[in-house]
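One structure is given below, encoded as structure tokens.
We name chains A, B, ... by the order of the sequence lines, and we start the count at 1 in each one. All values derive from a computational prediction rather than experimental measurement.
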2 protein chains.
Amino acid sequence: ESLPSLFSSNPRDFSVPNSSWGTEMRQLYEHYNSQCEAVTDGGEEQGGPWKRLPSYNRSLKYAAAGVYLSKIIQSKARLFTRNIREPGAAFEYAVFVNKKEQRCVCIFQAGHLLEGPPGNVHGGAIATMIDTVTGTHACVHSGFVMTANLNINYCSPIPLGSTVLIESSVDKKEGRKTYISCKVTSTDGTKLHTEATALFVSVSVSHLLKG
Amino acid sequence: ESLPSLFSSNPRDFSVPNSSWGTEMRQLYEHYNSQCEAVTDGGEEQGGPWKRLPSYNRSLKYAAAGVYLSKIIQSKARLFTRNIREPGAAFEYAVFVNKKEQRCVCIFQAGHLLEGPPGNVHGGAIATMIDTVTGTHACVHSGFVMTANLNINYCSPIPLGSTVLIESSVDKKEGRKTYISCKVTSTDGTKLHTEATALFVSVSVSHLLKG
């Protein structure tokens with residue numbers, strides 16, 4: 001199997017259902033995806049309130065700026081959350097954004113290769129998803145950003161194999177700083193697994209390039 | 001290649017040099033490992049101040065309690081930081097602990113599958129290593145613990161492929177709570193990449209099992 005090219009017209013989008021997705025993932029996906037479809041409002045066609053964000057092997061949100069392409073072409077690097085190809089083994093997720101409400105929702109199914117405490121997801125894997133969702137949200141809201149702070153409270157462990165909701169909202173933007181808060185809950189919202197705040201700082205392209 | 005058995009007399013220890021380790025990793029490993037060897041002090045043989053902690057595919061620190069074995073045997077789960085078998089592609093690290101000084105040092109080489117911002121390590125991968133090192137340190141100090149809080153300041157990005165030092169120290173222990181602080185620096189200590197505080201809570205085995 002060859003890797004999909006970043007520069008083909010259709011790079012592979014990992015944020016769509018595959019055979020590893022359980023019932024909860026499929027139902028949640030349908031729930032939000034159905035609200036992404038174009039609707040007719042007073043004869044004028046417009047999108048639904050939610051937009052699904054595609055996910056690739058690389059940080060295309062950066063590549064989209066058209067600056068890193070030469071660096072990316074030379075690199076065999078792969079996005080941390082997409083570095084395992086076996087469906088269902090690690091991070092299965094899809095992110096939806098509601099620009100009007102400044103909210104993001106991620107549906108996340110945690111595979112068996114994310115273990116920390118026996119039978120439960122590693123705190124670092126949870127942090128990774130929180131960074132991914134809040135960082136994506138901050139990019140949608142503020143353009144290029146880098147993570148400056150993550151403050152994460154782990155309230156209840158997440159069993160391997162389970163599906164959870166990760167919801168983020170923009171708290172405020174002050175100059176170069178974007179403040180996002182986030183919580184990870186059971187899919188029915190009744191059990192709080194994790195809550196976090198995140199601070200992102202807008203950066204120039206030259207700052208990122210100097211590494 | 002068959003997976004090493006958890007129950008063989010010699011499960012594979014990933015915290016030893018392999019062909020992917022660069023010069024800095026090897027030099028740092030030798031530096032700390034040489035201080036782990038038994039020394040003769042006044043005719044009495046005793047260990048050096050540092051002890052290298054082995055690392056396996058599973059959370060053996062939990063399995064060592066002898067409680068989870070049946071659960072672990074049935075599971076194909078693998079420790080998040082050891083879920084990629086290609087040497088050098090993801091997390092390469094070794095942890096050394098100095099019980100007398102209540103310090104831990106981890107030497108960490110970041111592979112190309114840990115990418116977040118182009119060319120740099122994902123904030124979640126850094127959080128994962130901080131959770132791993134401080135959590136291991138807390139377990140050494142206080143026995144069974146779970147992560148309750150991670151507060152991470154990202155100061156300067158870590159380029160993919162580079163080697164960094166992760167140092168942690170125990171700040172205090174109050175009842176069931178163990179407070180650890182941590183910093184990630186360049187190998188010469190001059191550049192601060194990340195700093196963090198972590199709170200761990202001692203848990204009973206039954207709490208962990210109920211997942």
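In this structure, CD1 on A:I152 lies 5.5 Å from CD1 on B:I152, to the nearest 0.5 angstrom. Taking NE2 from A:H112 and CZ from B:R78, the interatomic distance works out to 6.5 Å, rounded to the nearest 0.5 Å. Between the CG atom in A:L114 and the OG1 atom in B:T81 there is a gap of 11.5 Å [rounded to 0.5 Å].
By number of non-hydrogen pairs under 4.5 angstrom with chain B, the leading residue of A:G111, A:A90, A:A148, A:A127 is A:A148. When each of A:I126, A:L199, A:N149 is checked for heavy-atom pairs under 4.5 Å with chain B, A:N149 comes out on top. Of the residues considered (A:N153, A:T128, A:T194, A:L113), A:L113 shows the highest number of contacts with chain B, using heavy-atom pairs under 4.5 Å. Contact count versus chain B (heavy atoms, under 4.5 Å) is highest, among A:A125, A:C155, A:G161, for A:A125.
Within a 6.0 Å radius of NZ in B:K51, other residues, nucleotides and ligands contribute 12 heavy atoms or fewer. Counting non-hydrogen atoms of other residues, nucleotides and ligands closer than 6.0 Å to NZ of B:K177 gives a total of 12 or fewer.
Residue contact with chain B, scored on non-hydrogen atoms closer than 4.5 Å, involves the side chain of A:F91 exclusively. B:I84 touches chain A through its side chain: at least one heavy atom from C-beta onward sits under 4.5 Å away, while N, CA, C and O do not. For A:L150, the parts lying under 4.5 angstrom from a heavy atom of chain B are both the backbone and the side chain.
Using bins of under 30°, 30° to 60° and over 60° for the plane-to-plane angle, the ring pair A:H122/B:F80 lands in the tilted bin.
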